[in-house]
2 protein chains.
Amino acid sequence: MTQPVFSIEPWAITENELSLDRLEQAESVFALSNGHLGLRGNLDEGEPVGLPGTYLNSVYELRPLPYAEAGFGYPESGQTIINVTNGKLIRLLVDDEPLDVRYGTLFEHRRVLDLRAGTLTRTLRWRSPAGRVVRVSSRRLVSLTQRAIAAVEYEVTAEDGPIRMVVQSELVANEAHEVRQNDPRASAALESPLVLEENVVDDVSVMVHRTKRSGLRVGAGMAHEISGPEGTRVDHSGLGDISRVTIAADVPEGGTLRIVKYIAYGWSSQRSRSAVHDQVVAAIAAARLGGWAGLLEDQRSFLDSFWDGADVEVDGDPAIQQAVRFALFHLLQAGARSERRPIPAKGLTGTGYDGHVFWDMEMFVLAALRHTFPSASADALRGRASTLDTARAHAARLGLQGAAFPWRTIDGQECSGYWPAGTAAFHVNADIADAMLRHVDTTGDAEFEGEVALPVLVETARLWRGLGHHDSGGRFRIDGVTGPDEYSALSDNNVYTNLLAQRNLRGAADLVTRLPAEAAKLGADGEEAASWRDAAENMVVPFDERLGVHAQSEGFTEHAVWDFEHTSPDQYPLLLHAPYFDLYRSQVVKQADLVLAMHVCDDCFTDEQKARNFDYYERLTVRDSSLSAATQAVIAAEVGQLDLAHDYLAETALMDLRDINRNTGDGVHLASLAGAWSALVAGFGGMRVGTSDLIRFAPRLPNGLARLAFRVRHRGRSLRVVARRTEATYELVQGDPLMISHHGETHQLGGRPLTLPIPTMIVRPRPTQPLHREPMPRSAHGM
Amino acid sequence: MTQPVFSIEPWAITENELSLDRLEQAESVFALSNGHLGLRGNLDEGEPVGLPGTYLNSVYELRPLPYAEAGFGYPESGQTIINVTNGKLIRLLVDDEPLDVRYGTLFEHRRVLDLRAGTLTRTLRWRSPAGRVVRVSSRRLVSLTQRAIAAVEYEVTAEDGPIRMVVQSELVANEAHEVRQNDPRASAALESPLVLEENVVDDVSVMVHRTKRSGLRVGAGMAHEISGPEGTRVDHSGLGDISRVTIAADVPEGGTLRIVKYIAYGWSSQRSRSAVHDQVVAAIAAARLGGWAGLLEDQRSFLDSFWDGADVEVDGDPAIQQAVRFALFHLLQAGARSERRPIPAKGLTGTGYDGHVFWDMEMFVLAALRHTFPSASADALRGRASTLDTARAHAARLGLQGAAFPWRTIDGQECSGYWPAGTAAFHVNADIADAMLRHVDTTGDAEFEGEVALPVLVETARLWRGLGHHDSGGRFRIDGVTGPDEYSALSDNNVYTNLLAQRNLRGAADLVTRLPAEAAKLGADGEEAASWRDAAENMVVPFDERLGVHAQSEGFTEHAVWDFEHTSPDQYPLLLHAPYFDLYRSQVVKQADLVLAMHVCDDCFTDEQKARNFDYYERLTVRDSSLSAATQAVIAAEVGQLDLAHDYLAETALMDLRDINRNTGDGVHLASLAGAWSALVAGFGGMRVGTSDLIRFAPRLPNGLARLAFRVRHRGRSLRVVARRTEATYELVQGDPLMISHHGETHQLGGRPLTLPIPTMIVRPRPTQPLHREPMPRSAHGM
């Protein structure tokens with residue numbers, strides 16, 4: 001783990017010095033987004049740059065997927081998020097010398113991501129190689145209230161003597177940058193993906209492009225408010241992939257040139273060029289109504305309301321306090337205005353994983369959003385559900401019934417180029433179903449239940465019913481699938497998969513029973529529902545009686561344990577140093593799999609089983625995936641391993657702020673960030689929802705935390721839970737009284753806060769991890 | 001099955017009519033080879049052509065292997081056999097009109113592959129569009145005695161009136177033809193793979209080329225003997241990739257122009273251009289010593305000697321009689337002079353499977369060659385053994401001990417681009433070990449045993465010892481590997497793999513015990529050998545007690561049976577219509593796997609188990625692989641299903657002559673051809689060797705055969721077995737007396753033939769096959 005570059009504060013992320021070798025990480029950390037539009041934290045002037053990035057949710061290009069040996073059903077092309085027209089570019093010339101922090105002298109460079117204002121501010125003082133000193137202050141936002149809009153306030157002041165300044169504010173498409181793809185054909189497809197359709201210079205300048213293969217039309221526009229000294233000259237030009245507004249001024253000493261730039265985007269797979277153009281112009285007109293001040297004010301008020309229902313307070317570990325708010329901020333940014341589009345693994349903060357959506361959306365990201373900003377959960381799930389027809393077609397192509405959602409995708413088409421770790425991980429379908437059931441449970445949204453959840457549940461239940469079969473003993477088996485752990489593949493009866501499939505089958509059966517008319521439209525009836533219930537009832541869940549633990553999949557505990565003794569620290573992550581076949585046939589776990597089952601299906605395991613299983617799988621789990629530590633934290637806390645849970649919490653919470661996996665530059669790890677919330681709320685707060693009628697808590701703090709307070713939304717209420725070492729206080733901030741469970745005891749929570757003692761617990765020995773893979777002790781994380 | 005295009009004769013394959021839509025099949029069927037050099041049966045004049053082909057064993061080019069998602073240890077490039085310089089090209093101009101069978105009138109076109117002469121002859125009468133009639137007669141051979149040499153005798157006669165004839169005899173490199181590769185980069189790599197180094201025109205004209213990436217130097221030369229009318233003019237030229245001898249003559253009516261063309265090849269990865277050049281010239285000089293007549297005579301005498309020890313006679317089914325001789329001829333061609341190079345799946349008859357060598361060499365092809373032309377078995381195995389260092393490096397790269405031979409290769413490097421069906425099929429190592437043990441058993445070659453078998457056995461035993469592990473009960477498991485059946489993958493304890501690994505471990509231990517000094521050089525001692533014996537002793541062999549059959553792999557019999565009822569005939573082969581995941585998790589068998597284990601490990605199963613297992617797996621086996629029918633024939637015969645065995649025999653024996661799988665055009669199926677021999681000798685002859693000290697027979701004929709006679713070589717003897725309905729006669733043609741087993745009774749076979757009655761057998765119900773996948777009844781094959 002590296003030393004922090006961001007100072008630790010409760011409500012902001014501040015970078016006090018520009019670090020050129022950490023540009024990419026900072027660009028991801030400082031990325032602004034509203035779920036529809038995302039801007040990486042690139043410098044205003046565009047250079048130096050790690051990875052230039054402006055993204056629109058679901059705007060992608062196709063690239064061919066090559067195979068050394070092809071097979072039936074392999075996808076022929078994949079989808080890759082593209083860097084669309086860059087509207088945040090503002091270049092500055094100081095007496096004809098371009099502002100470039102790599103030249104001249106940078107006296108000061110400070111960036112602050114303000115988690116309550118929702119802005120990224122930058123201040124710098126720079127002396128040009130010719131000796132002229134300017135102060136630049138910029139502030140940027142991506143509006144959480146006007147989804148098509150970003151805006152920048154840019155001020156430059158002449159510090160010592162008059163300066164002839166030229167500001168070039170641009171829209172640039174097809175920005176040159178190295179495309180990091182192995183396949184030359186893929187590079188070719190992704191280099192300059194946008195084909196110009198129009199470049200119109202006007203009060204609002206607009207460029208419309210179209211992607212070459214995926215055929216998506218993208219419009220970007222800009223407009224400016226300029227205040228500068230008398231004689232300030234403004235020129236507009238547009239040529240090729242560049243639209244430019246040039247502002248030239250002789251600025252007296254102490255004088256300031258100020259520009260507000262409004263940037264708008266629109267895209268469509270169907271609408272005409274002029275429709276897209278007009279949409280962009282209209283968005284800017286709307287933004288100008290309230291102006292820059294209005295945007296700032298709306299942003300803050302939106303965030304105030306968010307924090308009011310979602311904040312998590314952590315006493316005793318300020319870095320975690322900062323990290324969990326940073327996490328919630330990025331989660332909100334990813335989902336706030338996605339509006340019926342799913343949330344990619346990196347949100348709109350980078351090109352990692354090609355901008356694909358995975359199961360982590362449902363199982364990690366939405367777990368947090370559901371209780372903090374439920375409309376984002378609804379939007380993301382509606383986005384998934386909108387691809388149901390594609391999933392039906394995918395299932396049919398694979399010879400399956402119902403619907404098979406893709407392992408990785410942008411618009412619903414399977415983009416997995418290695419099926420044993422992709423398409424075969426059918427649990428994604430149960431994950432989606434689970435998230436829908438939980439969403440309904442948490443929001444009580446009946447319309448969502450009938451419109452969205454029912455068809456998805458029915459089609460995924462059909463998938464499971466056809467994917468599994470009854471053996472001669474009448475047990476329902478699901479063979480040859482891949483569970484969450486990517487160091488196993490194509491196993492029989494993966495516990496996680498089977499338990500989630502069981503819930504999927506039961507949930508679908510219940511919905512069909514409750515909504516018979518709607519179900520009939522899907523051709524589902526009581527007989528079919530009964531066949532789902534029967535399958536669920538007889539689901540195989542492998543348990544190794546000899547060891548007294550669940551086998552992650554059938555036969556798993558018979559396999560050889562990985563030779564951890566002879567694996568050196570630099571051989572991790574194992575997948576870069578060992579062939580799949582060896583990983584697959586060994587007892588080695590990349591990421592929580594059975595342990596995740598114990599979190600999400602907490603009612604399927606006894607306390608004793610949880611403790612024994614956790615101990616067993618801890619010894620095998622190497623955490624080569626960022627999807628693991630959070631779950632380990634939750635279960636560690638549940639089985640009383642509180643300090644271990646704290647260590648895992650730190651690993652997941654600091655993933656991006658400390659760049660623990662050295663790939664934050666590709667985009668933030670949304671699932672890890674959501675995991676920070678889960679580790680606190682489900683881990684130390686012990687919150688469990690969705691597996692019984694109650695909302696349950698079992699707070700218990702590790703030695704390193706003095707107090708934990710969190711707010712969650714549930715069934716129309718806002719609850720606040722404050723946990724201390726010996727007692728916990730529950731408060732109903734808003735809504736009707738409800739029953740809650742505290743460490744297994746049921747209480748009614750009404751108008752006044754309820755303070756309850758925390759029972760003592762059995763202390764067991766701390767489980768061990770594979771050699772070299774112990775989590776860093778929280779005390780060593782530094783502040 | 002299609003109607004035959006070749007007439008049925010005992011010692012020849014005759015095509016009486018040129019069929020343009022079957023050109024490719026005929027080119028493979030009529031391919032000539034000696035294992036070092038192979039010529040496809042392309043027409044002399046080069047066009048029309050299916051696939052032009054001239055191959056040198058192990059001359060390949062590299063091509064990149066692309067992956068949509070790369071993984072550790074995936075090979076970056078593959079090897080592909082290339083079409084080297086074409087020396088068989090002889091074009092004819094008849095009064096300035098090129099002979100092209102697609103134009104003018106073809107009165108007659110006949111080709112005969114003579115299995116005793118070892119020649120391909122062609123006779124045709126053709127009238128040019130301008131009305132001139134010629135008779136052309138060509139005869140070609142690839143010398144079985146002079147490995148670098150091919151030769152063509154070409155005669156053209158003016159039939160009606162004098163004709164001005166021009167014959168252009170050429171060497172042409174980089175012949176243009178469509179490269180059938182999906183990947184454009186692969187096409188680029190394989191288009192014009194040869195770079196010219198020299199083109200020397202002389203009495204012997206020679207061209208030397210070098211491959212672009214693999215860096216192999218290839219020399220080709222030609223020389224001519226010409227007899228024609230007075231005034232016949234001969235010109236030599238050489239330019240670029242073409243060397244040409246032009247022979248022009250005014251041929252009077254009834255007159256003949258006769259050309260004998262000697263063609264020679266040489267190649268090397270190391271030797272200089274001049275060394276390769278000189279080698280080619282020298283080979284031609286040697287060929288000219290005895291001349292065309294000498295080559296013909298040597299060829300026939302070589303074949304006489306071969307047939308003398310290898311012929312199989314079949315009474316009652318003339319098509320099978322022809323087919324088994326055709327099979328033996330192609331097997332001989334593939335192995336006769338390979339000289340320490342392994343034998344590709346297609347021999348040197350086409351580019352199928354990229355010219356790769358697979359495990360079928362050891363388990364199918366050598367099974368026949370070992371007993372018919374043992375030196376070919378030795379050569380091929382020495383070729384394998386020569387790649388031991390590469391196999392060691394491959395194992396090390398995969399994190400394994402010992403040596404891991406590649407799934408598919410030309411020169412020993414793994415070329416498998418889909419590891420679950422390739423690299424994970426580790427049984428190839430045990431197959432190689434098994435073939436070496438059997439070779440030693442059959443030939444008694446002590447030098448081979450110490451030099452070749454010992455190092456390979458030791459290193460493969462080390463592989464198995466490290467690949468498997470002992471479970472807590474002390475049983476030795478081999479998890480996560482792929483057995484012969486390619487519709488399963490990554491299974492635990494595949495019976496075939498485990499039994500062969502057991503033999504490998506035991507065989508290695510025995511060798512180390514017997515050859516301690518040589519073993520010591522490999523670092524192997526009695527302690528290591530003991531650890532192999534222990535592992536072998538405790539090998540897991542899954543048996544399903546409930547069903548009373550062996551599970552092909554652990555858990556296999558728990559899987560869902562493939563839905564054969566709803567699989568239509570046009571959905572076969574399944575791999576082109578169903579995703580791997582669905583095949584892998586179902587009870588459906590592409591090719592004999594457990595049934596193959598019952599053949600090669602015949603001593604590991606009781607008769608009752610064999611019958612039950614065969615019945616069980618017959619219901620699941622779809623024979624989507626050409627490697628299946630032969631084994632099913634052998635075991636069908638063993639368990640008394642004689643007519644079913646006859647059906648399978650026909651399927652394997654007629655694979656290429658009837659183009660059953662519609663891909664003979666890519667090259668003949670050597671393993672299927674070897675299977676024809678096995679089905680007769682091991683099937684109806686019941687021959688088993690190598691699993692006990694005795695050579696065992698258990699002859700029994702199906703209704704369709706009246707008599708089967710075969711000759712095999714074993715431990716320095718030549719034996720002849722004649723089986724009739726009720727009795728069998730054994731004859732020691734050559735060598736010392738030996739003990740044989742006849743239907744389980746041991747007899748001494750000495751100077752005089754032994755005639756023994758065939759015991760009656762229990763008749764069981766005929767097993768069933770999956771719907772639409774029953775073998776065609778032999779009666780329906782036609783003659």
Side-chain angles (χ1 to χ4, degrees), chain A residues 64-75 78 182-185 397-400 415-424 426 467-473 477-482 489-490 492 546-547 554-555 558-561 563 574-586, chain B residues 64-75 78 182-185 397-400 415-424 426 467-472 477-482 489-492 546-547 554-555 558-561 563 574-586:
Chain A
L65 291 178
Y67 302 96
E69 296 183 23
F72 175 83
Y74 288 13
N182 288 328
D183 182 3
R185 288 176 300 166
R397 171 96 175 128
L398 295 176
L400 299 171
C415 296
S416 164
Y418 174 58
W419 72 266
T423 308
F426 285 99
L467 200 58
H469 77 284
H470 288 90
D471 67 14
S472 57
R477 300 172 54 89
I478 300 173
D479 292 336
V481 303
T482 299
L490 309 183
D492 296 345
R546 194 173 42 85
L547 296 172
E554 218 162 64
E558 306 267 9
H559 291 169
V561 173
D563 184 2
L574 293 176
L575 68 94
L576 298 184
H577 303 94
Y580 282 126
F581 97 87
D582 214 11
L583 296 167
Y584 289 174
R585 71 201 192 89
S586 303
Chain B
L65 291 178
Y67 302 97
E69 296 183 24
F72 174 83
Y74 287 12
N182 288 329
D183 182 3
R185 289 176 299 164
R397 172 96 176 130
L398 296 176
L400 299 171
C415 296
S416 163
Y418 175 59
W419 72 266
T423 308
F426 285 101
L467 200 59
H469 77 285
H470 289 90
D471 67 13
S472 58
R477 298 172 56 89
I478 300 173
D479 291 337
V481 302
T482 299
L490 309 183
S491 316
D492 295 346
R546 192 174 43 84
L547 296 171
E554 218 161 67
E558 306 268 6
H559 291 169
V561 173
D563 185 2
L574 294 175
L575 67 95
L576 299 183
H577 304 92
Y580 282 127
F581 97 86
D582 214 11
L583 296 168
Y584 289 175
R585 71 199 192 89
S586 303

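Numbered from 1 within each chain, the chains take letters A, B, ... in sequence-line order. If you're wondering where the values come from, they're calculated on a predicted model, not measured in any experiment.
Chain A forms more heavy-atom pairs under 4.5 Å with one residue of B:S416, B:P420, B:G73, B:P579 than with any other, namely B:P579. The candidate from A:D563, A:L575, A:L467, A:T482 with the greatest count of non-hydrogen atom pairs under 4.5 Å with chain B is A:L467. When A:F72, A:F581, A:Y74 are compared by the number of non-hydrogen pairs under 4.5 Å with chain B, A:F72 comes out ahead. In terms of heavy-atom pairs under 4.5 Å with chain B, the best-connected choice from A:D479, A:L490, A:L576 is A:D479. The greatest number of non-hydrogen atom pairs below 4.5 Å with chain A, out of B:G468, B:S491, B:S472, B:P75, is found for B:S472.
Among residues two or more places apart in sequence or in another chain, the ring pair (Phe, Tyr, Trp, His ring centres under 6.0 Å) test is passed with B:H577 by none. Under the rule for a ring pair (Phe, Tyr, Trp, His ring centres under 6.0 Å), the partners of B:Y584 that lie at least two apart in sequence or sit in another chain are A:W419, B:Y580.
A:D492 places a side-chain N or O within donor-acceptor distance of the main-chain N or O of A:G480, the cut-off being under 3.5 Å.
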With side-chain contact (heavy atoms from CB on, under 4.5 Å) as the criterion, how do B:R477 and B:H469 come out once you've worked through the C-alpha distance, each side chain's angles and the decisive distance to 0.1 Å? CA-CA 5 Å; B:R477 298 172 56 89; B:H469 77 285; 4.0 Å; yes
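Heavy-atom distances place no part of B:S586 under 4.5 Å from chain A, backbone and side chain included. Heavy atoms of A:L400 lying under 4.5 Å from chain B belong exclusively to its side chain.
For A:Y418 and B:Y67, the distance between ring centers is not under 6.0 angstrom.
B:H559 and A:D471 are not linked by any side-chain donor-acceptor pair at a separation below 3.5 angstrom, with hydrogens and angles left out of the test.
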